[in-house]
Amino acid sequence: MKVYATVLLAIVASCCALAGAKTFSKCDLAKALANNGIAKASLPDWICLVQHESAFSTSATNKNKNGSKDYGIFQINNKFWCDSSYGANDCKMACSNLLNDDITDDIKCAKMIFKRHGFNAWYGWKDHCKGKTLPSVSACF
């Protein structure tokens with residue numbers, strides 16, 4: 001009986017963890033970005049970046065070859081930007097905060113990364129968006 005209770009508890013915990021995840025639509029993300037200070041002219045680049053980094057999912061993670069990990073909708077790396085054993089944490093936040101459906105702090109951190117490195121900080125943007133036709137967001141506003 002204890003084994004069944006433990007398994008049931010694990011299933012419930014997993015479901016609750018996933019409940020905080022959100023997959024944005026292009027327009028919902030464009031509006032959230034604009035409402036958090038991203039210029040409308042650069043929204044197509046941001047949308048393209050997110051599309052190729054996380055497929056618009058706040059729960060996306062990726063383990064890199066160097067052992068670091070990327071978190072959330074912008075795939076923010078724990079080596080420099082959020083708390084981890086690396087110690088940098090330039091965005092002054094827990095990496096787990098990048099996995100919930102409130103992306104306000106994610107946007108703030110992504111803006112800091114952009115200010116320092118531009119879109120070239122993200123391979124998803126460099127490989128799929130730079131110099132390419134970008135998604136239109138005109139129908140979103």
Side-chain angles (χ1 to χ4, degrees), residues 2-141:
K2 276 187 172 183
V3 173
Y4 292 118
T6 304
V7 170
L8 182 60
L9 183 60
I11 291 170
V12 170
S14 296
C15 290
C16 291
L18 293 175
K22 178 176 182 176
T23 300
F24 278 79
S25 71
K26 177 178 76 170
C27 287
D28 285 343
L29 181 60
K31 290 172 187 172
L33 292 168
N35 290 338
N36 282 279
I38 300 291
K40 283 188 178 180
S42 67
L43 288 177
D45 282 293
W46 285 101
I47 296 298
C48 187
L49 178 156
V50 168
Q51 178 182 357
H52 292 285
E53 289 287 344
S54 67
F56 300 100
S57 174
T58 62
S59 65
T61 60
N62 180 59
K63 186 161 184 166
N64 299 302
K65 291 177 185 175
N66 68 1
S68 68
K69 193 171 180 181
D70 301 326
Y71 291 86
I73 198 161
F74 297 104
Q75 290 294 276
I76 293 173
N77 189 270
N78 71 339
K79 190 169 184 181
F80 306 105
W81 306 106
C82 59
D83 72 337
S84 69
S85 59
Y86 293 104
N89 196 7
D90 285 4
C91 288
K92 311 265 187 278
M93 65 188 307
C95 296
S96 60
N97 288 352
L98 296 165
L99 299 175
N100 61 32
D101 63 355
D102 178 1
I103 63 167
T104 306
D105 51 356
D106 307 48
I107 294 170
K108 183 177 177 184
C109 185
K111 286 167 61 175
M112 178 187 290
I113 296 167
F114 178 79
K115 185 175 181 180
R116 291 188 191 172
H117 304 285
F119 286 117
N120 285 316
W122 288 276
Y123 285 105
W125 183 85
K126 288 195 308 188
D127 295 342
H128 301 282
C129 308
K130 184 177 184 178
K132 308 261 172 67
T133 301
L134 298 172
S136 174
V137 296
S138 59
C140 300
F141 296 95

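Only this structure's heavy atoms are used, side chains among them; waters, hydrogens and symmetry mates stay out.
Of all heavy-atom pairs spanning Ser68 and Lys79, the tightest one is CB-CB, 4.2 Å. Minimum heavy-atom separation, Pro44 to Leu134: CB-CB, 3.8 Å. Glu53 approaches Tyr123 most closely through the heavy-atom pair OE2-N, 3.5 Å. Closest approach of Leu99 and Gly72 over heavy atoms only: CD2-N, 3.5 Å. When all heavy atoms are compared, the tightest approach of Ser59 to Ala21 is CB-CB, 3.5 Å. The minimum heavy-atom distance between Ile113 and Ala121, with the atom names listed, is CG2-CB, 3.6 Å.
Separation of atoms NZ (Lys111) and SG (Cys91) is listed at 12.0 Å; rounding is to 0.5 Å. Residue Lys132 holds its NZ atom at 12.5 Å from CG of Asp45, rounded to the nearest 0.5 Å. Note that the NZ atom of Lys108 and the CG atom of Asp105 stand 8.5 Å from one another [nearest 0.5 Å]. Rounded to the nearest 0.5 angstrom, His52 NE2 and Trp125 CH2 are separated by 12.0 Å. For the atom pair CG of Leu29 and CD1 of Ile103, the computed distance is 5.0 Å after rounding to the nearest 0.5 Å. The CD atom of Gln75 sits 10.5 Å away from atom CG of Asp106, with the distance rounded to the nearest 0.5 Å.
Here the side chains of Asn64 and Lys69 are not in contact, with every heavy-atom distance at 4.5 Å or above. Between Leu98 and Cys82 the shortest side-chain heavy-atom distance falls below 4.5 Å. Side-chain contact between Ile73 and Ser57 is absent, with no heavy-atom pair separated by less than 4.5 Å.
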Inset, instruction - Tell me, with the steps shown, if Arg116 and Asp90 meet salt bridge (charged side-chain N to carboxylate O under 4.0 Å, His left out). - result: CA-CA 11 Å; Arg116 291 188 191 172; Asp90 285 4; 2.5 Å; yes
Legend entry - Derivation of the side-chain contact (heavy atoms from CB on, under 4.5 Å) call for Phe114 and Leu49: CA-CA 12 Å; Phe114 178 79; Leu49 178 156; over 6 Å; no
Inset, instruction - Show your working on side chain to side chain donor-acceptor pair (under 3.5 Å) between Asp70 and Asn77 and close with a plain yes or no. - result: CA-CA 4 Å; Asp70 301 326; Asn77 189 270; 2.8 Å; yes
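With a 6.0 Å radius and a threshold of 12 heavy atoms from other residues, nucleotides or ligands, Lys115 has its NZ atom at or below the threshold. Dense packing is recorded around OH of Tyr86, with more than 12 heavy atoms of other residues, nucleotides or ligands lying under 6.0 Å away.
Looking only at distances, a side-chain donor or acceptor of Asp83 sits under 3.5 Å from a matching main-chain atom of Cys95. The closest donor-acceptor contact from the side chain of Asn36 to the backbone of Ala32 lies under 3.5 Å.
Under the side chain to side chain contact (heavy atoms under 4.5 Å, CB included) rule, Phe24 has a single partner from Thr58, Leu33, Ile47, which is Thr58.
By the 30° and 60° cut-offs, the orientation of the rings of His117 relative to Trp81 is perpendicular. Ring geometry, Phe74 versus Trp46: the interplanar angle exceeds 60°, so the pair is classed perpendicular (tilted spans 30 to 60°).
Judged by a 6.0 Å distance limit and a 45° cone about the ring axis, Lys130 is not positioned over the six-membered ring of Phe119.
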